[in-house]
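Note that these values count all heavy atoms, side chains included, but never hydrogens, waters or copies made by symmetry. One is the number of the first residue; the rest follow in order along the sequence. Both counts, for ligands and for their atoms, begin at 1 and track the order of listing. Quick caveat, the model's predicted, so the values are computed rather than measured.
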Amino acid sequence: MSVADINFQQIHLRMRMSDFTPRYLADYSEANFSISTVELTFELDEYKTRIINRMQMTRKAANNQPLILDGEHLTLLSVSIDEQQLLGNDYQVSDTNLSIVIDRDEFSLEIVTEINPVENTALEGLFKSGDAYCTQCEAEGFRRISYYLDRPDIMATFTTKVIANKAQFPYLLSNGNKIAAGDLANGQHFVQWHDPFPKPCYLFALVAGDFDVLKDSYNTSSGRDVALEIFVDKGNVDKAHHAMASLKHSMKWDEDTFGLEYDLDIYMIVAVDFFNMGAMENKGLNVFNSKFVLADETSATDTDYFNVEAVIAHEYFHNWTGNRVTCRDWFQLSLKEGLTVFRDQQFSADMHSAAVTRIQNVRVLRSLQFAEDAGPMAHPIRPEKVIEMNNFYTLTVYEKGAEVIRMIHTLLGVEKFRQGLDLYFKRFDGMAVTCDDFINAMADASGVDLSQFKHWYTQAGTPLLNVSESFDANSSEYKLTLGQASGEKPALHIPVGVELISLDDQQIQSSLLQLTEQAQTWTFKGYSQKPVLALLTDFSAPVKTQFVQSDQDLQCIMTRANDEFCRWDAGQKLLTRYITQLMQQPSLSLPENLYQAFREILSADISAAFKAEQLTLPNFSELADNIVEVDPIALLDAIDSVKQSLAHELAQLFLQQYQQNVQVDYASDGTAIGKRALKNICLSYLSTLSDQQALLTTQFQHSNNMTDSLAVLNCAAKNRHENFSDMMSGFEQKWRDTTLVMDKWFAIQASVNDESIYENLTQLIAHPLFSLKNPNRARSLVGAFTTNNPRYFHCASGRGYQFLIDQLIQLNDINPQVASRLITPLIQFKSFDKHRQTMIKAKLEQFSKQVKLSKDLKEKLDAALAP
Ligand code: TRP
Ligand code: ZN
C-alpha cells in the first residue's frame with residue numbers, strides 16, 4: 001500500500017462522518033497548510049458563473065497529510081498544481097470536500113469551479129439580489145464559491161478580477177483598491193481589485209450591478225482622505241443621506257473614543273433587498289440589508305433611523321474589532337461580535353440619550369436573550385459544540401457577549417479599558433485570536449485580575465442574584481447580602497452597582513460591589529432608618545434578581561434614584577407585580593398607588609423620551625420569562641386589562657400629554673423624536689378606549705411622517721378600529737412600489753387582533769407581492785405573526801403553530817438560515833403551559849419526520865425534542 005492509499009483511507013473516514021456531526025472547541029488544531037495569496041477571477045453568468053481560484057500554498061505540518069479543502073454546491077472543472085492539470089485519480093471530491101495528496105511544500109494550486117447564482121436561494125456564497133450579484137461568505141459561505149481552507153485563521157491577501165456585461169453591470173466591486181479596469185469583447189468589461197490586508201475568506205466580497213451612488217469623503221485624524229461610496233438601487237439615492245451621515249459620525253467617534261482610524265482609501269457600502277441578516281463587514285465593501293441603509297421621513301420610522309445609524313456603526317467598527325484582529329475559530333465569534341455590539345451601543349448612547357439607549361438594550365436582552373438562555377439552544381457566549389455555525393449568530397453571542405464586555409468596562413473604568421484595548425491591538429493586529437487573548441490583554445494592561453471573570457465565557461444560562469437586607473436601628477447599620485445560586489458551577493465575578501437612598505436626609509450613596517463568592521455581605525453605617533436599595537445601576541450585570549421590594553420602596557426608587565435605569569426598572573417591577581397578580585385573580589382591581597405612580601410619571605418634568613419608556617408596559621416575552629409554564633392567553637388578558645385600566649383611570653392625563661406633544665412640522669432631532677415617542681405611547685393607551693377612536697383617524701389623516709402613520713396602524717390593528725381596512729388599503733395603494741414600506745404593511749396585517757387572522761394569512765401568502773424567497777418579506781409576515789400577534793399564534797387550537805410549521809416546511813428548502821431563526825418561538829415551548837407544550841412537541845416531532853431537514857433546523861429540533 002502506498003502512502004497515497006493510506007491518505008485516501010483517512011479521507012474516506014472523514015467523509016463518512018455525517019453532516020450532523022458536531023464540532024468541538026476542544027478539538028481545535030491548526031490547519032496543515034497556509035495560503036499566502038489568492039487570485040480570483042469571476043466570469044459572471046446567471047446560471048453558470050465560472051471562478052478561477054489560484055492560491056499560493058505552503059505546507060505547515062512536516063508530514064504527508066493530504067490537503068483537504070472545503071467546498072459545497074460546486075461543480076469542479078479542473079485542478080492544477082504548479083501549472084500541471086491533475087487527472088481525476090489524483091484527487092477526491094465529496095459533497096463537502098476536495099482532497100488532494102501533494103508531496104510539495106510550496107506550490108500554487110489553481111481550481112476552476114462553476115456555480116449557479118440564480119438558484120442560490122439560501123443567499124450564502126454568490127447569489128442574485130434582484131438584478132445585482134452579491135456575496136455573503138460569513139460564516140462558511142466562501143466554500144460555495146470555490147474550494148478553500150474555509151476557516152478564519154487562514155489569512156491571505158486577495159486579488160479579484162470580475163468580468164461581466166458592461167451595460168447590465170456597470171459597477172464591478174470587490175475588497176480593497178481598484179488596480180485595473182478595461183473593456184473586453186462582446187460587451188463585457190472587467191475590474192480588478194487588490195486588498196493589501198491579509199484576511200480570512202469570510203471577509204471576501206463581490207458585488208456587480210447597476211446602481212445609483214452617493215459619494216462623499218472623510219478626512220481622517222491623521223489627514224488622509226477616504227472616499228465614501230454608498231450604492232443603492234436606482235432612484236433611491238435620496239434615501240442614503242442618513243446612512244452617509246451615520247458613517248461619518250462613526251468614523252469620527254472611533255477616532256475620538258478609541259484612537260482607531262480607517263485604513264484603506266475607499267469605504268463602500270452596497271444596499272441589497274435580499275439578505276439573511278442585517279449587514280456584513282467585508283473589508284472595504286460592506287453589504288447591507290437595504291432596511292439598514294435607506295431612510296427618509298416619509299418611509300422610515302424614528303426606530304428605523306436609529307437602527308440604520310447603529311448598524312452602519314456596527315459594521316464600520318468591525319474594521320478594527322473583527323477585521324484587523326479576527327477570530328481564530330468560530331467558537332470565538334463573541335470576540336468580534338460581543339465587542340462590536342458593545343462599541344455600537346456606546347456610540348448610540350453618545351449620539352442619543354444614554355439612559356434611553358441603555359433601557360432599550362436591556363429590554364432586548366430580557367425579552368429575547370433570557371428566553372434563549374432558558375431554552376434548548378442555550379449556550380455560553382463562547383459555545384463549545386456546534387453543528388451548524390449559522391445557528392450561533394445568536395442573542396447570546398451578540399447581546400450577552402456585549403454585556404460581558406460592558407462588565408469588563410465597568411470593572412476597569414474608562415481609562416484602563418482604553419489601555420486594554422490599545423494593548424489588544426498592539427499584540428494582535430493582523431492576527432486571528434481567541435477570547436482568552438482579549439481578556440488577557442485587558443488584565444495585563446489594567447492590572448485587574450480577570451481570571452475568575454473568565455467563567456462568564458463558559459457558563460450558559462442567566463445567573464440568579466439573591467438579595468437580602470437587614471437593618472439595625474441601634475447600630476445604624478444597614479447590611480446587604482448578595483448571593484449567586486451557581487450550584488455546581490464556579491462562582492462568577494459580578495459587578496453590582498448599587499445606590500442607597502437615605503430616607504433621613506435624601507442623600508444617595510453609590511457604590512460598585514464586586515460579588516465573587518457564593519454569598520457576601522456588605523455593611524453600610526450611619527442610617528437612622530433603613531435606606532432604600534436601588535440595585536444594578538445601569539444594569540451592571542446580565543442577571544435576574546430574587547428580591548422582593550415593597551411597593552413603597554419601588555415608588556421611592558422610581559422618583560428618587562439618581563440612576564435612570566433603576567428608576568425605569570422599578571416602575572417595570574411594579575407593573576410586572578400587578579400584571580402577574582391579575583393573571584391569578586382576573587377580578588382584582590389595580591391599587592391606587594399604581595395609578596398614583598403613573599400620574600407622577602405623566603406629570604413629571606423629565607425628557608419625553610424617558611417618560612415614554614416609563615409608560616411602556618413590559619412586553620409579553622419579558623413577562624412570560626418570569627412565569628413558570630405560562631398560559632399565554634391569561635397573560636395577554638392581564639396585560640390588556642392593566643393597560644385598559646390605566647387608560648381609563650388616567651385618560652385626561654394621557655390626552656393632555658398627547659396634545660402637548662403633537663408637532664405640526666416634522667423635525668428629526670432628539671427632542672422631536674422623544675415627543676413623537678411620548679405622543680404615540682399615549683395614543684396606544686387612549687386607543688383602547690371606545691370614546692377616543694377619533695384620535696386615530698385624525699392622526700392618520702394629518703401625519704407627515706412614517707412614525708406617526710405606523711403608530712396609528714398598529715393601534716388600529718390591535719383594537720379592531722372600524723377604519724382599519726380603509727387605512728390599510730390606502731396605505732397599500734400609496735406604497736405598493738416601496739419594498740421596505742410594504743414589509744411594514746405585511747407586518748401590520750399579520751398582527752391584526754382578530755379571529756379572521758388565519759384566513760387573512762392565507763390570503764397574504766397568496767398576495768402578488770409576497771414571497772418566501774425574500775427574507776425581509778418572509779420575516780415581515782411569518783415573523784411578525786409569531787412575535788406581534790401572540791394571542792393568535794398561541795391560540796389553544798394550535799392553528800397558529802401549524803401556520804408557522806407550514807411556512808417552515810417550505811423555508812427549510814428555500815433558505816435554511818431564515819427558517820432556523822423563525823422556528824425560535826416553537827423550540828422554546830417549555831416556557832408555556834402543559835397543553836401547549838404537548839401540542840407544540842407533537843407538531844415538531846411530526847415536522848421532523850415529514851421533511852428532510854437542513855442542518856440548521858435539525859440541530860435545533862434535536863435539541864428541542866431531546867428527552
Ligand atoms: N458579521 C455580521 C455582523 O455582525 C453578521 C453576519 C453573520 C451575517 N453571518 C451573516 C450577515 C450572514 C449577513 C448574512 O454584522
Ligand atoms: Zn457584527
Contact check: Y393 vs ligand 1, nitrogen or oxygen atoms, below 3.5 angstrom: no
Cation-pi geometry met for K128 and F274 (6.0 Å, 45°): no
Carboxylate-amine/guanidinium contact E403 R358, below 4.0 Å: yes
Proximal atoms of ligand 1 relative to M277 (non-hydrogen, under 4.0 Å): 5 (C), 6 (C), 7 (C), 8 (C), 9 (N), 10 (C), 11 (C), 12 (C), 13 (C), 14 (C)
E337: its N/O/S atom lying closest to the Zn ion (ligand 2) (atom name): OE1
Atoms of ligand 1 close to K336 [distance to a heavy atom under 4.0 angstrom, numbered from 1]: 1 (N)
Ligand 1 contacted by G278 (non-hydrogen, < 4.0 Å): no
Basic-acidic side-chain contact under 4.0 Å: D329, R151: no
Quiz item: cation-pi between R366 and F539, 6.0 Å / 45°: yes
Any N/O pair F275/ligand 1 closer than 3.5 Å: no
Per-atom contacts of ligand 1 with E315, taking only distances under 4.0 Å to non-hydrogen atoms: 3 (C), 15 (O)
Test: D27 and R23 ion pair at under 4.0 Å: no
D422/R418 ion pair, N-O < 4.0 Å: yes
4.0 Å heavy-atom contact, E124 with ligand 1: no
E337 N/O to ligand 1 N/O under 3.5 Å: yes
Atom indices of ligand 1, in the order listed, that fall short of 4.0 Å to a heavy atom of M280: 1 (N), 2 (C)
Contacting atoms of ligand 1, where contact means under 4.0 angstrom from a heavy atom of Y398: 1 (N), 2 (C), 3 (C), 4 (O), 5 (C)
Ionic contact status for E388 with K858, cut-off 4.0 Å: no
Cation-aromatic face contact K385/Y24, 6.0 Å, 45 degrees: no
D304/K291 ion pair, N-O < 4.0 Å: no
Atom indices of ligand 1 within 4.0 angstrom of E281 heavy atoms, with elements: 1 (N), 2 (C), 3 (C), 15 (O)
Atom 14 (C) of ligand 1 [closest protein heavy-atom partner, distance rounded to 0.1 Å]: Q136 CD, 3.2 Å
Per-residue contact class, E138 against ligand 1 - non-hydrogen pairs under 4.0 Å: both
